[in-house]
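Scroll down for the structure; my scribbles are underneath it.
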Amino acid sequence: MSKNQELQARRDAAFARGLGNALPVYVERARNAELWDVEGRRYIDFGSGIAVLNTGHLHPRVQAAVAKQLEAFSHTCLMVTPYANAVELAEKLNRLAPGPTPKKAIFVTTGAEAVENCIKIARAHTGRSGVIAFGGGFHGRTFMAMALTGKVAPYKAGFGPFPPEVYHAPFPIAYHGVSVQDSLDALEHLFKFDIEPSRVAAIIIEPVMGEGGFYVAPPEFLQALRKLCDQHGILLVADEIQTGFARTGRMFAVEYAGIEPDLMTMAKSLAGGFPLAAVVGKAAIMDAPGPGGLGGTYAGSPIACAAALAVLEAIEQEGLCRRAEQIGVRMVGALKAAQASLPSIGEVRNLGAMVAMELVKNGDPHAPDADLTKALVKRAGEKGVVLLSCGIYGNVIRFLAPLTIPDELLQEGLGIVLEALRELTGGGVAKAVNA
Ligand SMILES: Cc1ncc(COP(=O)(O)O)c(C=O)c1O
């Protein structure tokens, strides 16, 4: 039994099966866009720990900032005796959040917690209870976040009942025949059939659907949502947990639409691997809940705040927004070129370095190939690339390489993925995908 196999057997015995696992690979160390397992095998990391490492594994600035903070103190609790780096980080995030309205922030520990707090704040401010989210969206695994999530299996099945007053509208996905107008019509139907707009506190949307399949919300849709929310006094919440911090070629993806959300969630790449999440929003809205209504024991850990300040410095000084655009162009070019000889690649799409390829049978958008997608993640892993899948139908490969990845590694990783796909499909029609 290899070391990886031995650990996998122990893992399976020790952890509940509800905790997913993409690859049976046990990591010993990692740097930038590469990691090495306990058997000394090297992997190119196209997953970034699910979009957490836009600045790569152990970015030197992050490592140094964390080491320095550890010399000082590791925890006092921001709600008891606060510290300067948390204040500095809140000020920076308030400045970076799109739009001219003055902002305020809170820190929490996970993305789901940020989503939960957005809804608390929205309800406290509006005095309304309803929340609208989108089919296929993912907002986390806690109860309100799970209710907002628009995918039953595996996230909601067996876990109900959910908090009431949550409604879903279809996300506009041109590839699946859902237009912007279809989605706007569906919202009007919700207002007609389910809840009057004057009882809706918030509409929450991922500007690029993450777990749901990397579908980009067209700018005109986000602009229309902004208008609709203004018309009815509804708060617009942008869930930028996966799209934030330069991933899409802008600090935040809503910048492409030129809109100002009322509230935003941030997590994942905010602190380069340290657990930190935030809600940033218009100051008057953020101040709606009373003192003590928001917070958490670990919320705004000083170590995570030090890491986050270093991440923001790296994004700015290393031009990572521009780099995300370059990575996107390069990857999409290579994947589209391969599409000609690989008909299982139904669509290639991106916003900056948030790149996806959707795998289908016979070039048919309505024939998702989830088996091939699963097999590709496995085969790429065996060949030394960490790859993630996603998608409403489980048939999308999402590429989330660190934005600090050197070109040669990007090229090498892409070559391996395409070679694996060719092996699985015989260069054309899918075969032996369950191998
Ligand atoms: C858009 C979005 N919202 C919320 C979450 C939940 O974040 P966490 O897993 O940190 O709770 C995720 C995680 O994948 C996400 O992508």
Side-chain angles (χ1 to χ4, degrees), residues 18-22 46-54 106-122 131-151 154-156 159 162 166 168 171 202-217 222 236-248 251-254 261 263-281 296 298-301 304 307-308 311 351-356 386 388-392 394 396 398-400:
L19 190 70
N21 175 213
F46 275 1
S48 287
I50 320 189
V52 167
L53 300 161
N54 288 356
I106 58 159
F107 293 143
V108 286
T109 311
T110 66
E113 231 186 314
V115 170
E116 297 279 338
N117 278 280
C118 265
I119 305 308
K120 283 169 65 174
I121 295 165
V131 189
I132 297 173
F134 290 88
F138 181 79
H139 298 288
R141 289 180 168 87
T142 52
F143 263 91
M144 178 51 88
M146 187 168 49
L148 294 169
T149 290
K151 192 175 171 188
Y155 304 118
K156 300 169 87 158
F159 296 137
F162 303 107
V166 171
H168 288 92
F171 193 94
I203 296 180
I204 182 167
I205 186 164
E206 296 164 86
V208 183
M209 201 191 269
E211 158 59 27
F214 279 26
Y215 299 104
V216 182
L222 294 176
L236 182 59
V237 180
D239 183 344
E240 291 260 10
I241 286 169
Q242 193 154 165
T243 46
F245 302 100
R247 169 56 55 188
T248 66
M251 190 57 97
F252 298 106
V254 287
L263 298 168
M264 291 171 74
T265 55
M266 307 173 186
K268 290 194 183 279
S269 275
L270 164 60
F274 291 84
L276 182 65
V279 178
V280 178
Y298 297 107
S301 143
V311 164
L351 191 64
M354 206 166 170
V355 181
V386 177
L388 298 175
S389 65
C390 64
I392 300 166
V396 178
R398 52 174 150 175
F399 295 95
L400 286 162

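Just so you know, residue 1 is the first one in the sequence shown, and it goes up from there. All ligand and atom numbering here is 1-based and tracks the order in the structure.
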* To which of Arg141, Lys268, Glu211 does the heavy atom nearest atom 14 (O) of ligand 1 belong? -> Lys268
* To do: If you have a sec, work out which protein heavy atom is nearest atom 8 (P) of ligand 1 and how many Å separate them, to one decimal?
  => Gly111 N, 3.5 Å
* Structure fact -> Quick look: Ala112 vs ligand 1, heavy-atom contacts under 4.0 Å, and the answer is both
* Asked: Is the closest protein non-hydrogen atom to atom 11 (O) of ligand 1 under 4.0 Å?
  -> yes
* For the pair Phe143 and Phe162, name the ring-plane relationship: parallel under 30°, tilted 30 to 60°, perpendicular over 60°. => tilted
* Asked: How about Tyr215 and Phe171: are their ring centres within less than 6.0 Å of each other?
  -> no
* Indicate yes or no for a side-chain donor-acceptor contact from Lys156 to the backbone of Ala147 under 3.5 Å, with no hydrogens or angles considered. => yes
* Report, in ascending order of atom number, the atoms of ligand 1 lying under 4.0 Å from any heavy atom of Gln242. => 16 (O)
* To do: Any atoms of ligand 1 less than 4.0 Å from a non-hydrogen atom of Gly140? List them with their elements.
  => 6 (C)
* To do: State, yes or no, whether a side-chain contact exists between Phe138 and Gln242 at a heavy-atom distance under 4.5 Å.
  => no
* Asked: Which residue and non-hydrogen atom of the protein lie closest to atom 15 (C) of ligand 1, and at what distance in Å?
  -> Ile241 CG2, 3.7 Å
* To do: Determine whether Thr248 and Val216 make a side-chain contact, defined as any pair of heavy atoms from C-beta on separated by less than 4.5 Å.
  => no
* Kindly compute the distance separating OG (Ser48) from CZ (Arg247), expressed to the nearest 0.5 Å. => 5.5 Å
* Taking the side chain from Lys268 and the backbone from Glu240, do they hold a donor-acceptor pair closer than 3.5 Å? -> no
* Nearest-contact summary for atom 1 (C) of ligand 1 - protein heavy atom, Å -> Glu206 OE1, 3.3 Å
* Could you say whether the N/O atoms of Asp239 and ligand 1 ever approach to under 3.5 Å? => yes
